[in-house]
K.L.:
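Dumping the structure here so I can ask a few things about it.
As the structure is a computational prediction, the values presented were derived from the model and not from experiment. When reading the values below, keep in mind they use all heavy atoms of this one structure, side chains included, and skip hydrogens, waters and symmetry mates. In listed order, ligands and their atoms are each counted from 1.
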Amino acid sequence: MREEIPVYRKDGIIPLEEIKRSGLFPPEERLKKGPVVLIECPEEIPCNICVDACPSGAISMESIIALPKVDWDKCTGCGVCVSLCPGLAIFVVDVSKEDKAYVTVPHEFIPVPKTGDEVILLGRDGRELGRGKVVKVWERNKTYVVTVETPKEVAFEVKAIWVKK
Ligand code: SF4
Ligand code: SF4
């Protein structure tokens, strides 16, 4: 167990540095290969739904309260874990392209976007990060899984979308 009190317990915002410290940030070489999971779950909580959710066996845990571990080579970036994480804490990022990035987020609000929609990108603190274009939408257990094309510089910060109608 860690001894220091993480900063996100004070304001509820998990900084990217904390994800990197937790070993949950994909290695540079894996990021270059295409879509890969980004699990933002650095707290030791009694949950292991993502382990059984992954059809590729890419996520493991040493115990029910341990942090998830990812086998980066097994992850296909399919997004199934995004749809099943009860904490909406899992994303898929694709920064392998030259100009644009693709971020897959869980979406449990209405309206539900459709492919081609322009949406507002929201960061980990809820602030607007710019605009993105929806390229894929699917649903499982009433959670929508939305992939948006984003500027590359915000790929690791986009955590939600706002569909303005
Ligand atoms: S994105 Fe797909 S393959 Fe990767 S960890 Fe999630 S469920 Fe497994
Ligand atoms: S399912 Fe979500 S909340 Fe549960 S351990 Fe996995 S990432 Fe964390």
K.L.:
Is the closest basic N to carboxylate O distance between E29 and K32 below 4.0 Å?
P.N.:
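Between K32 and E29 there is a salt bridge, with a charged N closer than 4.0 Å to a carboxylate O.
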K.L.:
Only pairs at least two apart or in different chains count here, so list each side chain to side chain donor-acceptor pair (under 3.5 Å) that has a residue in residues 47-58.
P.N.:
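Sorted result for residues 47-58: empty, none.
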K.L.:
In terms of atom number and element, which parts of ligand 2 are under 4.0 angstrom from non-hydrogen atoms of M61?
P.N.:
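That gives atoms 5 (S) of ligand 2.
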K.L.:
Which protein non-hydrogen atom lies closest to atom 3 (S) of ligand 2, naming both residue and atom, and how far is it?
P.N.:
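Checking every protein heavy atom, the shortest distance to atom 3 (S) of ligand 2 gives C85 SG, 3.7 Å.
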K.L.:
Could you check N141 against T143 for side chain to side chain donor-acceptor pair (under 3.5 Å), going step by step and ending with a plain yes or no?
P.N.:
CA-CA 6 Å; N141 289 352; T143 297; over 6 Å; no
K.L.:
Any side-chain heavy-atom pair from E108 and L88 closer than 4.5 angstrom?
P.N.:
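Yes - at least one pair of side-chain heavy atoms lies under 4.5 Å apart.
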K.L.:
Are the side chains of L84 and R140 in contact, using a 4.5 Å heavy-atom criterion?
P.N.:
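Sidechains of L84 and R140: in contact.
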K.L.:
Closer than 2.8 Å to atom 2 (Fe) of ligand 1, what protein N/O/S atoms do you find?
P.N.:
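Near atom 2 (Fe) of ligand 1, below 2.8 Å, one finds C78 SG.
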K.L.:
Of all residues at least two apart in sequence or in a different chain, which pass the ring-ring contact (aromatic ring centres under 6.0 Å, His included) check with Y144?
P.N.:
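If we apply the ring-ring contact (aromatic ring centres under 6.0 Å, His included) test to Y144, skipping adjacent residues, there are no hits.
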K.L.:
Only heavy atoms of I90, strictly under 4.0 Å: list the atoms of ligand 2 that pass.
P.N.:
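By the 4.0 Å cutoff, the relevant atoms are 7 (S).
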K.L.:
What distance do F25 atom CZ and L31 atom CG have between them, rounded to the nearest 0.5 Å?
P.N.:
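Answer for the CZ-CG pair, F25 versus L31, is 5.5 Å.
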K.L.:
I'd like to check which ligand 1 atoms, numbered from 1 as shown, lie under 4.0 Å from a non-hydrogen atom of I59.
P.N.:
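So the atoms of ligand 1 that pass are 5 (S).
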K.L.:
Should you measure from each heavy atom of P86, which atoms of ligand 2 turn up under 4.0 Å away?
P.N.:
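Listed by number with element: 1 (S).
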K.L.:
Apply side-chain hydrogen bond (donor to acceptor under 3.5 Å, both in side chains) to E153 and list each qualifying residue two or more places apart in sequence or on a separate chain.
P.N.:
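side-chain hydrogen bond (donor to acceptor under 3.5 Å, both in side chains) list for E153, sorted by chain: empty.
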K.L.:
Taking the six-membered ring of W162 as reference, does the NZ or CZ atom of K164 fall below 6.0 Å from its centre and within a 45° cone about the axis?
P.N.:
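Yes, K164 sits over the ring of W162.
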K.L.:
Using a strict cut-off of 4.0 Å, indicate which atoms of ligand 2 neighbour a heavy atom of C41.
P.N.:
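The list of qualifying atoms is 3 (S), 5 (S), 7 (S), 8 (Fe).
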K.L.:
Which atoms of ligand 2 have any heavy atom of C47 under 4.0 Å away?
P.N.:
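Those of ligand 2 that fall under 4.0 Å from C47 are 1 (S), 3 (S), 4 (Fe), 5 (S).
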K.L.:
Can you confirm whether K152 is buried at NZ, in the sense that more than 12 heavy atoms of other residues, nucleotides or ligands lie under 6.0 Å from that atom?
P.N.:
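Yes, the 6.0 Å shell around NZ holds more than 12 heavy atoms from other groups.
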K.L.:
Can you name the atoms of ligand 2, numbered from 1 with element, that are less than 4.0 Å from a heavy atom of I39?
P.N.:
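Counting atoms of ligand 2 from 1, those under 4.0 Å from I39 are 7 (S).
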K.L.:
To check your reading of the model: name the closest protein heavy atom to atom 1 (S) of ligand 2, its residue, and the distance in Å.
P.N.:
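That would be C50 N, 3.3 Å.
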